[in-house]
Amino acid sequence: MFNKRIKIKELLAQEPTGQEVTVMGWVRTFRNNQFIALNDGSTNNNLQVVAGLGKFDDELLKRITTSASLKVTGAIVPSLGKGQKMDMNATSIEILGDSDAEKYPLQPKKHSLEFLREIAHLRFRTNTFGSVFRVRHSLAFAIHKFFNDKGFVYMHTPIITASDAEGAGEMFRVTTLPFDEKNEKTPRNEDGSINFKEDFFGRATNLTVSGQLEGELGATAFGEIYTFGPTFRAENSNTARHLAEFWMIEPEMAFCDLEDNANLAEEFIKYLIQYAMNNNREDLEFLAQRLSDEEKQLPQDKRSEMGLMEKLEFVLTNNFERLTYTEAIDILKESNHNKKKKFQYEITGWGMDLQSEHERFLVEKHFKKPVILTNYPAAIKSFYMRLNEDGKTVAAMDILAPGIGEIVGGSQREERLDKLEDRMKEMNIPAEELWWYMDTRRFGTVPHAGFGLGFERMVQFVTGMTNIRDVIAFPRTPKSAEF
RNA sequence: UCCCCUUUAGCUCAGUUGGUUAGAGCAUCUGACUGUUAAUCAGAGGGUCGUUGGUUCAAGUCCAACAGGGGGAGCCA
């Protein structure tokens, strides 16, 4: 019986010719004791249900409150009012679930994003979050489509990992060892350290911070793989662009160098934007409007130069700017911004790590478009990145997006066993723990490369949401895991 | 973790140099109206001023600590 309903998005695309249909959804507002704005989540547009005067009991009408769920049947006719092309003249209204108006926290008015974060379980029922999460869904779908169409194998890398050598950040421990206040039940070695042999896996384990190392195992068999799954970082990060639990896409390609890698990343990002623009135009236009309304409250110099749609269009039609770390340092050094000493962190010269103000200057002020920075000094990058011929830089790449910062981090991997071992020794990475990783270099090693794209940062970029906590359903951040 | 800002009704916010009974809009409730568009009109209810301590004759207002939220930085995707 329930599958007889028509979704409001589909209905609104039809012409009103008196057809009798059934819809189900939640009440957004009930105006004039007669007009129900009904929403079923398929689109932000509501169906106006008209409850003709005198046709329904007062007792029933009283129960039509904000967010009550209804099953409504009636004829679809051209609207007599101005705001919509069709009305449903209700012949039957059934209340599926009441919603106590005195207790329901959402009102038909603008709410702050901060307040909505505190009621994250209900915020999907707002237009903003409806749009954000429909776009998020589309992007997730497009990721699989992009890689599937290219013949990549979708690989599920483990969530629980025994290696703590990945070096990508602090990890969450996974254990079944007893935890009591005095630690009396915790198994100990003779020297007092915790005996992990007694733990579930017989060793210390953690939540993954990256699927890359396992991804490389797949790439050196299937040729091209990608992962798309949750990732965990136990960093005490309190920013609008970090989460303790987030989703990451990590393609890994054999027979691939840094340039191929950068080409793929750029194509990938553009594909995702194009997909959302083709499939979520209505939601993006709503979000663009929201963003522009929001920015009207900011001082002139803090507003974006482009609207959301223009920005996405611009990224699609322009090549990402590609330059080396060394070139970037030169640009920063020679900039008027630097000469006027406007950087908080001084440009000390080659070898320094770029601060986010430097990255933002390059992306938002100098080039005004996404930038692919390559070939960083080896000393500031990870052990697995391929050492360049100059002996001092590695084949790394970061893609920096306006307003978001680093959206992609990747590299060509060090496929030469001796060079990899040297590098691990230098950086105190225990090669023996990663024996399985080293085996790819021992048996048929091959030039290969890959990158990680932060999914939530991508969703932020496409939706224009400025806080990463507003593009994931239930954000996990330090001191916060309510829902 | 560091720096800055902030916390007053369900929500968004006023609240003067410390001084009677802490206000507004929206929401809610009651009634009216009935082709409305965040409906409108009239009325009503609704507050431990984040928590604890201090200064003072007197604290929403000043001070301190703690907690929550926001912005920026670091770590990174």
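Below, read A as the first sequence line, B as the second, and so on, with proteins coming before strands; counting in each chain starts at 1. Side-chain atoms are counted along with the backbone in the values below, which use heavy atoms only and exclude waters and symmetry mates.
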Student: If B/A22 has a Watson-Crick or G-U wobble mate with both distances under 3.5 Å, name it; if not, just say none.
Tutor: none

Student: Think A/Arg28 has a side-chain N or O under 4.0 angstrom from the OP1 or OP2 of B/U37?
Tutor: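 So the side chain of A/Arg28 is outside the cut-off, no N or O lying under 4.0 Å from OP1 or OP2 of B/U37.
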
Student: Who does B/A44 pair with, Watson-Crick or G-U, both distances under 3.5 Å?
Tutor: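 Its partner is B/U28 (Watson-Crick or G-U wobble, both distances under 3.5 Å).
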
Student: In whole Å, what is the span from the CG atom of A/Asp58 to the P atom of B/A32?
Tutor: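 From A/Asp58 CG to B/A32 P: 10 Å.
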
Student: Do A/Phe246 and A/Phe232 make the cut of ring centroids closer than 6.0 angstrom?
Tutor: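 No: the rings miss the under 6.0 Å criterion.
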
Student: Could you check whether A/Lys9 pairs with A/Glu282 (Lys NZ or Arg NE/NH1/NH2 to Asp/Glu carboxylate O, under 4.0 Å)?
Tutor: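 The answer is no: the pair does not qualify as a salt bridge.
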
Student: B/C62 pairs with which nucleotide, Watson-Crick or G-U wobble, both distances below 3.5 Å?
Tutor: B/G54

Student: Is any side-chain nitrogen or oxygen of A/Arg117 closer than 4.0 Å to OP1 or OP2 of B/G70?
Tutor: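 So the side chain of A/Arg117 is within the cut-off, an N or O lying under 4.0 Å from OP1 or OP2 of B/G70.
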
Student: Taking atom NZ of A/Lys369 as the centre, report whether more than 12 heavy atoms of other residues, nucleotides or ligands fall under 6.0 Å from it.
Tutor: yes

Student: Without decimals, in angstroms, what is the distance between A/Glu118 CD and B/G50 P?
Tutor: 15 Å

Student: For B/A73, does OP1 or OP2 lie under 4.0 Å from any side-chain N or O of A/Arg360?
Tutor: yes

Student: Check for me: is A/Phe35 stacked on B/A39 by the 5.5 Å centroid and 30° plane-angle rule?
Tutor: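 A stacking contact does not exist, since A/Phe35 is not both close and nearly parallel to the base ring of B/A39.
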
Student: Does B/U1 have OP1 or OP2 sitting under 4.0 Å from an N or O in the side chain of A/Asn236?
Tutor: yes

Student: Checking A/Asn388 against A/Thr393 for the side-chain hydrogen bond (donor to acceptor under 3.5 Å, both in side chains) test, could you report, in this order, the C-alpha distance in whole Å, the side-chain angles of both residues, the deciding distance, and whether it holds?
Tutor: CA-CA 6 Å; A/Asn388 287 325; A/Thr393 61; 2.8 Å; yes

Student: When the nearest nucleotide of RNA chain B is assigned to A/Pro105 and to A/Asn33 on a heavy-atom basis, which residue is associated with the more 5' position?
Tutor: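 Residue closer to the 5' terminus by nearest nucleotide: A/Pro105.
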
Student: Determine the Euclidean distance between corresponding P atoms of B/A22 and B/U61; express it in Å to zero decimal places.
Tutor: 15 Å

Student: Quick check on B/G74: is either OP1 or OP2 less than 4.0 Å from any side-chain nitrogen or oxygen of A/Ser356?
Tutor: yes

Student: Using whole Å, report how far NZ of A/Lys103 lies from P of B/C11.
Tutor: 16 Å

Student: Does the side chain of A/Arg31 get closer than 4.0 angstrom to OP1 or OP2 of B/C33 through an N or O atom?
Tutor: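 For B/C33, OP1/OP2 do not have a side-chain N/O of A/Arg31 under 4.0 Å.
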
Student: Between B/A38 and B/C76, how far apart are the two P atoms, rounded to whole Å?
Tutor: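 It works out to 47 Å between them.
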
Student: Let's see if you can work this out: which of B/G35, B/G74, B/A77 has an atom nearest to the side-chain heavy atoms of A/Arg233?
Tutor: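 Of B/G35, B/G74, B/A77, B/A77 is nearest to the side chain of A/Arg233.
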
Student: For the residue pair A/Asn39 / A/Arg125, report whether a side-chain donor-acceptor contact shorter than 3.5 Å exists.
Tutor: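 Per modelled atom types, A/Arg125 and A/Asn39 side chains form no pair under 3.5 Å.
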
Student: Distance to the ring centre below 6.0 angstrom and angle to the axis at most 45 degrees; does that hold for A/Lys311 and A/Phe461?
Tutor: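 Yes.
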
Student: Nearest whole angstrom, please: distance from the P of B/G70 to the CZ of A/Phe115.
Tutor: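 After rounding, the gap between these two atoms is 14 Å.
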
Student: Please give the nucleotide sitting opposite B/C2 as a Watson-Crick or G-U wobble pair, both distances under 3.5 Å, or none.
Tutor: B/G72

Student: Please state whether the base of B/U37 and the side chain of A/Asn32 form at least one donor-acceptor pair under 3.5 Å?
Tutor: no

Student: Verify the contact: side-chain N or O of A/Thr29 to OP1 or OP2 of B/A38, cut-off strictly under 4.0 Å; return yes or no.
Tutor: no

Student: Would you tell me if any nitrogen or oxygen in the side chain of A/Asn467 comes within less than 4.0 Å of OP1 or OP2 on B/G71?
Tutor: yes

Student: Does a nitrogen or oxygen in the side chain of A/Gln107 sit under 4.0 Å from OP1 or OP2 of B/A38?
Tutor: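 Answer no for this pair, as no side-chain N or O of A/Gln107 is under 4.0 Å from OP1 or OP2.
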
Student: Both A/Ser112 and A/Gln34 contact RNA chain B. Taking the nearest nucleotide for each, which residue is further toward the 5' end?
Tutor: A/Ser112

Student: Is there a Watson-Crick or G-U wobble partner for B/U34 with both distances under 3.5 Å, and if so, which one is it?
Tutor: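 None - no nucleotide pairs with B/U34, as no candidate has both distances under 3.5 Å.
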
Student: Please state whether the phosphate of B/A77, meaning OP1 or OP2, lies under 4.0 angstrom from any side-chain nitrogen or oxygen of A/Ser210.
Tutor: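 False: A/Ser210 side-chain N/O out of range (4.0 Å or more) of B/A77 OP1/OP2.
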
Student: Assess whether one donor atom and one acceptor atom, taken from the side chain of A/Gln84 and the base of B/U36, lie less than 3.5 Å apart.
Tutor: yes

Student: Once hydrogens and angles are ignored, does a donor-acceptor distance under 3.5 Å link the base of B/A77 to the side chain of A/Arg241?
Tutor: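 No pair found.
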
